[in-house]
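Computed from heavy atoms alone, side chains included, the values below leave out hydrogens, waters and symmetry copies. As the structure is a computational prediction, the values presented were derived from the model and not from experiment.
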Amino acid sequence: MTSVIALDAVPHIRRGVKCTYDQIRESHVVLFPEGVLVLNETAASVVALCDGVRSVGDIALSLGDLYAGVQPEDIAELVARLVERRVVDVDG
């Protein structure tokens with residue numbers, strides 16, 4: 001079950017997690033102790049903005065400038081899944 005992440009929560013990449021572009025897979029990936037997570041372009045953009053400064057709502061606003069139809073609730077759901085996968089932590 002996915003937890004609920006508030007729009008004012010501030011996500012940041014967990015220690016030991018690396019975000020990179022995999023030339024072989026030709027996609028963005030997150031490397032973490034438990035494995036590899038292949039990201040689509042939108043998810044890679046979200047992860048890149050999980051800097052410990054921006055809130056989930058701020059991330060949604062930033063992505064709204066790049067992609068049509070970005071909903072803050074969708075970003076919060078994605079961040080919640082990343083928390084469950086132990087890729088990001090949230091403050092707040």
Side-chain angles (χ1 to χ4, degrees):
M1 179 175 195
T2 304
S3 4
V4 176
I5 300 293
L7 295 180
D8 62 350
V10 179
H12 58 89
I13 304 298
R14 287 179 60 102
R15 186 175 180 184
V17 173
K18 181 179 178 184
C19 304
T20 188
Y21 186 81
D22 186 323
Q23 296 292 337
I24 295 170
R25 290 184 176 102
E26 296 183 346
S27 64
H28 295 275
V29 296
V30 175
L31 307 172
F32 55 106
E34 294 83 14
V36 176
L37 182 61
V38 179
L39 304 174
N40 65 26
E41 183 179 341
T42 307
S45 296
V46 171
V47 170
L49 295 173
C50 291
D51 57 9
V53 176
R54 294 177 182 94
S55 69
V56 171
D58 293 337
I59 292 170
L61 286 174
S62 293
L63 293 177
D65 294 338
L66 300 173
Y67 303 102
V70 173
Q71 298 296 316
E73 298 79 19
D74 295 339
I75 303 303
E77 182 180 328
L78 175 58
V79 170
R81 290 195 315 258
L82 292 169
V83 168
E84 286 178 357
R85 296 290 302 264
R86 302 177 52 85
V87 171
V88 301
D89 281 331
V90 292
D91 299 326

Item to check | Pairs where residues 46-62 contributes a residue and the test side chain to side chain donor-acceptor pair (under 3.5 Å) is met, not counting sequence neighbours | outcome: D51-R54, S55-D58
Next on the checklist: Is the shortest side-chain heavy-atom distance between I13 and V47 below 4.5 Å?
Outcome noted: yes
Checklist outcome for this item: Between I5 and A76, the two heavy atoms sitting closest are O-CB, 3.5 Å
Checklist outcome for this item: Closest heavy-atom pair, V17 versus F32, reported as atoms and distance to 0.1 Å, is CG2-CB, 3.8 Å
Checklist entry - If every non-hydrogen atom of V79 is compared with every non-hydrogen atom of P11, which pair is closest and at what distance? => result CG1-CB, 4.0 Å
Next on the checklist: Through direct or indirect side-chain contacts below 4.5 angstrom among Ile, Leu, Val, Met, Phe, Trp and Tyr, which residues connect to L61?
Outcome noted: none
Checklist entry - N40: what forms a side chain to side chain contact (heavy atoms under 4.5 Å, CB included) with it, not counting sequence neighbours? => result T42, A43
Item to check | Shortest non-hydrogen contact from G16 toward P33 | outcome: O-CD, 3.9 Å
Item to check | Sequence-distant partners of Y67, side-chain hydrogen bond (donor to acceptor under 3.5 Å, both in side chains), two or more places apart | outcome: E41, S45
Checklist outcome for this item: Going by chain and number, the hydrophobic cluster around V53 (ILVMFWY, side chain to side chain under 4.5 Å) further includes none
Checklist entry - Mind checking who shares a hydrophobic cluster with V36, ILVMFWY linked at side-chain heavy-atom distances under 4.5 Å? => result V29, L31, V38
Item to check | All pairs passing salt bridge (Lys or Arg N to Asp or Glu O under 4.0 Å) where residues 10-21 contributes a residue, at least two apart | outcome: R14-D89
Item to check | Selection residues 23-38 - residue pairs positive for side chain to side chain donor-acceptor pair (under 3.5 Å), sequence neighbours left out | outcome: D22-R25
Next on the checklist: Once rounded to the nearest 0.5 Å, what's the spacing between atom CG of D74 and atom CG of L63?
Outcome noted: 11.0 Å
Item to check | Qualifying residues under side chain to side chain contact (heavy atoms under 4.5 Å, CB included), relative to E73, sequence neighbours excluded | outcome: Q71
Item to check | Nearest non-hydrogen partners of A44 and L39, listed with the distance | outcome: CA-CD1, 3.8 Å
Next on the checklist: Any non-hydrogen side-chain atom of V87 less than 4.5 Å from a side-chain atom of C50?
Outcome noted: no
Next on the checklist: With heavy-atom distances below 4.5 Å as the criterion, would you say the side chains of P72 and V56 are in contact?
Outcome noted: no
